[in-house]
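Here the structure is laid out as structure tokens; the discussion comes afterwards.
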Amino acid sequence: SQQGEEDPQALSIQEGENATMNCSYKTSINNLQWYRQNSGRGLVHLILIRSNEREKHSGRLRVTLDTSKKSSSLLITASRAADTASYFCATDGTGANNLFFGTGTRLTVIP
Amino acid sequence: DAGVIQSPRHEVTEMGQEVTLRCKPISGHDYLFWYRQTMMRGLELLIYFNNNVPIDDSGMPEDRFSAKMPNASFSTLKIQPSEPRDSAVYFCASRKGQGREETQYFGPGTRLLVL
């Protein structure tokens, strides 16, 4: 399976702290995306990083990619209660036209 | 645009009944994906369409599942007969373009409970 795995499965932090989530995958990729899912809602795209990029920023989000280790990390700085959600990484896999989603990290930010 | 629209949002049915889930993709999007999400298996791709044509249905679990896309603005996922293990949240997503960097836009999901 190309499905990625997020680590940790669950993370609980205080508001204002940074949250780091990791994703590992199995096959070569063209890009890796991170999505967010609020409880009872669909997934929302956050950020995409290409296989030839090592780091990317978007607002309070910082994504890194290490293709040699087949891993990525998502850092949310200065977390807010509204960041409480599940976060998924998704890879395309070379030749694939669809995405393969990881198992998700459930983040709880305590006010 | 209203985004991807799914109906119904919740469905409770009894084992053996037919269930039909509906999806309206974002206008202009030429790819449509059906996913199933459960605690045990996470988010699984069931089938996806390009320009209304099914491209990959290898994720469809059994012959009890079928999906159609009669036109660019409507797709259905049907389960007949339904079983309790089909209980899950079913998501529809759409995407514009073939580029692998294109974002998928998800609907709110249909929460299905089969008793």
Side-chain angles (χ1 to χ4, degrees), chain A residues 1-10 21 23-53 56 58 61 63 65 67 85-106, chain B residues 2-7 9-10 21 23-26 29-51 53-60 88-113:
Chain A
S1 168
Q2 292 178 263
Q3 189 177 39
E5 291 187 6
E6 278 90 341
D7 170 58
Q9 288 189 335
M21 289 159 271
C23 166
S24 60
Y25 56 93
K26 297 179 181 178
T27 64
S28 297
I29 61 172
N30 293 294
N31 64 69
L32 184 145
Q33 303 181 38
W34 284 90
Y35 284 75
R36 163 192 167 131
Q37 182 180 30
N38 285 63
S39 180
R41 309 287 289 274
L43 280 74
V44 176
H45 179 260
L46 293 176
I47 192 168
L48 178 150
I49 186 166
R50 299 183 184 89
S51 60
N52 62 354
E53 298 176 313
K56 198 164 184 178
S58 176
L61 304 180
V63 171
L65 179 64
T67 53
S86 290
Y87 292 82
F88 295 85
C89 66
T91 57
D92 62 340
T94 55
N97 217 346
N98 51 299
L99 294 176
F100 300 91
F101 285 85
T103 50
T105 291
R106 189 170 62 254
Chain B
V4 176
I5 299 172
Q6 290 186 248
S7 65
R9 292 294 310 277
H10 301 273
L21 311 181
C23 174
K24 177 179 169 54
I26 293 173
H29 283 195
D30 50 357
Y31 281 83
L32 184 140
F33 304 82
W34 281 101
Y35 292 90
R36 177 173 68 177
Q37 186 177 39
T38 61
M39 288 294 292
M40 292 297 294
R41 300 174 68 90
L43 198 65
E44 303 173 281
L45 176 68
L46 300 177
I47 185 172
Y48 77 91
F49 295 83
N50 175 218
N51 291 323
V53 176
I55 302 300
D56 185 353
D57 64 353
S58 60
M60 295 285 262
V89 182
Y90 291 81
F91 288 102
C92 175
S94 70
R95 187 187 82 192
K96 180 179 176 60
Q98 190 174 355
R100 297 191 181 94
E101 297 185 4
E102 298 297 333
T103 299
Q104 289 190 19
Y105 294 84
F106 282 75
T110 294
R111 189 172 297 273
L112 173 65
L113 177 60

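In the text below, chain A, chain B and the rest are named by the order of the sequence lines, each starting its count at 1.
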| task | Sort Y105(B) into side chain, backbone, both or neither according to what part of it lies under 4.5 angstrom from a heavy atom of chain A. | result | neither

| remark: Turns out that what part of Q37(B) lies under 4.5 Å from chain A's heavy atoms comes down to side chain

| Inter-residue atom distance M39(B).CE - T103(A).OG1, 0.5 Å rounding |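 It is 10.5 Å, given to the nearest 0.5 Å.
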
| Approximate separation, where rounding is to 0.5 Å, of L45(B) CG and F100(A) CZ |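 So the gap between those two atoms works out to 7.5 Å.
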
| query | CD of E53(A): more than 12 outside heavy atoms within 6.0 angstrom? | reply |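 Yes, enclosed.
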
Minimum heavy-atom distance between [X] and [Y], given as atom pair plus value:
X       : Y       : answer
Q104(B) : Y35(A)  : N-OH, 3.2 Å
L43(A)  : F106(B) : O-CB, 3.3 Å
T103(B) : H45(A)  : CG2-CB, 3.1 Å

| request: Kindly determine whether Y48(B) and L99(A) satisfy side chain to side chain contact (heavy atoms under 4.5 Å, CB included), including the steps that lead there. | output: CA-CA 11 Å; Y48(B) 77 91; L99(A) 294 176; over 6 Å; no

